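Following: one structure in structure tokens, then a few remarks.
Each residue takes its place number in the sequence, starting with 1. What you see is a predicted model, and the numbers here were worked out from it, not measured in a lab.
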Amino acid sequence: MGYKSEFLNVLSDRGFIHQCSDFQGLDAKLMSGTQSAYVGYDATAPSLHVGNLISIMMLSWFQKTGHKPITLMGGGTTRVGDPSGKDDQRKLLATNAIAENIAGIKQAFSKFISYGQEPEGGIMSNNAAWLDTLNYIDFLRDVGKHFSINRMLTMDSVKLRLEREQPLSFIEFNYMILQSYDFVELHKRHGTILQMGGSDQWGNIVSGVELGRRMHGYELFALTAPLLTTASGAKMGKTAQGAVWLNEAMLSAYDYYQFWRNSEDADVGKFLRLFTFLSLDEIKKLESLGGAEINEAKKKLAEEATRLCHGHEAAMMAAETARKTFEEGAVAESLPSIAVAMTELQKGVPLIQLLKDAGLVASNGEARRLIQGGGARVNDQLIENDNYVCTADMLGSEGAIKLSAGKKKHALIKVAA
């Protein structure tokens, strides 16, 4: 389907679009002048992860095509908890913990979005500004009356929890209303006409569209992206070690690079379209590479994705570390590392413990299975004894012991200063 607006054409060509409440109406609105759109992010952790990246890229493309993006922090809604896709109530965080998480999350946005006063300059907003001051009775009367309990019970975020006979608290049940009210407030404050998000948020976003129309006659729009899985069916952004975080304090630039470098062959073209700004012509050339040459496309994907998230220097360093490690077999100083006291190494430290502490496996059991399956190496030597102990005399000339889990995951054990 062809569009008049550059934004919808870009998103369509690159595979971002899943559903829209009114394609024709949104297309016309985008052609009438600079508009603003937002995505909401609850502050449940000190960093966002790769699962959030598709919506961040949508906001970035929105800005690149001449419009104003808004990153809405859920300082208020995080205190409630979104039930979407969850079997249990999310742990409720204290206000100071939410504030700390928001401070951490903000670091990622500035890599993808330019904030400023110009017409297309991004805005960072926080729904605590209006949710924290709500009068409950007034809110029920003015906003709650527009929501049908019958309809709310049909929403996936509610229905799935009830079908699984998992408890749904009253505070979680209110989440949909609060998220819908965010859309109304952002339109009042910034003229925002579009909310974007993942397809699991469709019901909540559409409820905001309807609330704006019922309360004030606003013309608002909803646009969602598909929830991504890899070619093998795994959830995008999840690994055996957990989430792929965007903040370097929680995941090194090298590990971030390796996540993209290890993409499945069938995913390379899709990921290049969604997670880089490379031209479609260049992407077509890269995804047409066959056989071993597809590794060059994976390297380009890893470099571009890491450059966007961590900067040019970090991306080049990660690429060089990978080259030395995999092509030269060298011990690269910039590999992820952990420090161990010399006294501990002199006594000997179980390999199982070091594999876990270095983040190469998630548990002692996984470490044991890795060793028994022939996937563990120390200083590039295969280790098949799950009682193996690493000692100080294994430190190489670089002053480190190199651990490997399979062919693509490595870490260094160094002596604590």
Side-chain angles (χ1 to χ4, degrees), residues 5 7-8 11 19-22 25-26 29-30 32-43 48 52 55-63 65-80 82 84 98 102 105-106 109-110 112-135 138-139 142-144 146-147 174-198 201-225:
S5 62
F7 175 67
L8 286 180
L11 260 60
Q19 288 174 292
C20 180
S21 57
D22 179 2
L26 176 58
K29 197 74 173 178
L30 293 171
S32 68
T34 300
Q35 305 296 334
S36 75
Y38 83 100
V39 177
Y41 302 90
D42 280 345
L48 297 177
N52 302 116
S55 65
I56 298 176
M57 293 295 288
M58 291 170 81
L59 286 172
S60 189
W61 278 115
F62 194 69
Q63 185 170 52
T65 53
H67 301 286
K68 192 177 194 72
I70 298 176
T71 47
L72 177 66
M73 300 310 305
T77 43
T78 304
R79 295 171 64 187
V80 175
D82 181 4
S84 299
I98 293 172
I102 288 175
I105 289 171
K106 285 180 178 179
F109 289 127
S110 60
F112 299 88
I113 295 166
S114 175
Y115 294 92
Q117 298 301 315
E118 60 272 20
E120 69 278 8
I123 295 174
M124 177 81 71
S125 191
N126 187 335
N127 62 18
W130 51 86
L131 295 182
D132 283 2
T133 59
L134 285 176
N135 178 296
D138 289 345
F139 185 73
D142 298 337
V143 179
H146 296 290
F147 287 81
N174 277 271
Y175 187 92
M176 184 191 310
I177 302 177
L178 297 176
Q179 181 174 330
S180 299
Y181 185 66
D182 286 344
F183 205 167
V184 174
E185 277 290 332
L186 286 173
H187 185 81
K188 284 182 185 177
R189 294 166 184 243
H190 305 293
T192 305
I193 57 116
L194 174 63
Q195 183 183 359
M196 300 185 290
Q201 291 295 317
W202 176 253
N204 288 345
I205 298 174
V206 169
S207 292
V209 171
E210 294 176 354
L211 180 63
R213 176 179 55 80
R214 289 171 178 166
M215 288 185 72
H216 304 291
Y218 295 157
E219 185 183 24
L220 306 177
F221 302 91
L223 180 66
T224 61

Worksheet entry | Closest contact, heavy atoms only, Ile70 versus Ser125 | CG2-CB, 4.2 Å
Worksheet entry | Gly191 versus Ser36, closest heavy-atom pair with distance | C-OG, 3.8 Å
Worksheet item: Between the main-chain N or O of Lys29 and the side-chain N or O of Gln35, is there a donor-acceptor pair closer than 3.5 Å?
Response: yes
Practice prompt. Look only at the side chain of Ser60 and the backbone of Phe112, and say whether a donor-acceptor pair between them is shorter than 3.5 Å.
Written response: yes
Worksheet item: Given side chains that start at C-beta, do those of Asp132 and Arg79 come closer than 4.5 Å, heavy atoms only?
Response: yes
Worksheet item: Backbone N or O of Leu186 within a donor-acceptor pair of the Thr192 side chain at under 3.5 Å?
Response: yes
Discussion item. Could you check whether Gln179 and Gln201, counting side-chain N and O atoms only, form a donor-acceptor pair closer than 3.5 Å?
Written reply: yes
Worksheet item: Roughly how far, to the nearest 0.5 Å, is CD1 of Ile193 from CG of Leu26?
Response: 5.5 Å
Practice prompt. Can you measure from CG (Leu48) to OG1 (Thr71) and round to the nearest 0.5 angstrom?
Written response: 9.5 Å
Discussion item. When you measure from the side chain of Thr78 to the backbone of Ala43, do you find a donor-acceptor pair of N or O atoms at a distance under 3.5 Å?
Written reply: yes
Discussion item. I need the Phe109 CZ to Met124 CE distance, nearest 0.5 Å.
Written reply: 5.5 Å
Practice prompt. Would you confirm whether Asn127, through its side chain, and Asp182, through its main-chain N or O, come within 3.5 Å as a donor-acceptor pair?
Written response: no
Worksheet item: Does the side chain of Leu134 reach to within under 4.5 Å of the side chain of Tyr181, using non-hydrogen atoms?
Response: yes
Worksheet item: With a 4.5 Å limit on heavy-atom distance, are the side chains of Tyr218 and Val184 in contact?
Response: yes
Fill in: Sub-4.5 Å side-chain heavy-atom contact between Leu194 and Phe7
yes
Item to complete: Report yes if the side chains of Phe183 and Leu211 come closer than 4.5 Å at any heavy-atom pair, otherwise no.
Response: no
Worksheet item: Looking at CD of Gln19 and OG1 of Thr224, how far apart are the two atoms once the value is rounded to the nearest 0.5 Å?
Response: 4.5 Å
Fill in: Heavy-atom check, side chain of Leu223 versus side chain of Phe221, under 4.5 Å
no
Discussion item. Any non-hydrogen side-chain atom of Val143 less than 4.5 Å from a side-chain atom of Met215?
Written reply: yes
Practice prompt. Identify the heavy atoms of Ile205 and Gly197 that sit nearest to each other, and give their distance.
Written response: CD1-N, 4.0 Å
Worksheet entry | Closest contact, heavy atoms only, Gln63 versus Gly122 | NE2-N, 3.4 Å
Worksheet item: Atom OH of Tyr38 and atom NE2 of His190: how far apart are they, to the nearest 0.5 Å?
Response: 11.5 Å
Discussion item. Which heavy atom of Pro69 sits nearest to which heavy atom of Phe62, and what is that distance?
Written reply: N-CD2, 4.1 Å
Worksheet item: Do Leu220 and Glu210 come close enough that some side-chain heavy atom pair is under 4.5 Å?
Response: no
Response to the item:
For Leu178 and Thr77, the nearest pair of non-hydrogen atoms, with its separation, is CB-CG2, 4.1 Å
Worksheet, complete the sentence: So CE of Met58 and CE of Met196: to nearest 0.5 Å the spacing works out to 5.0 Å
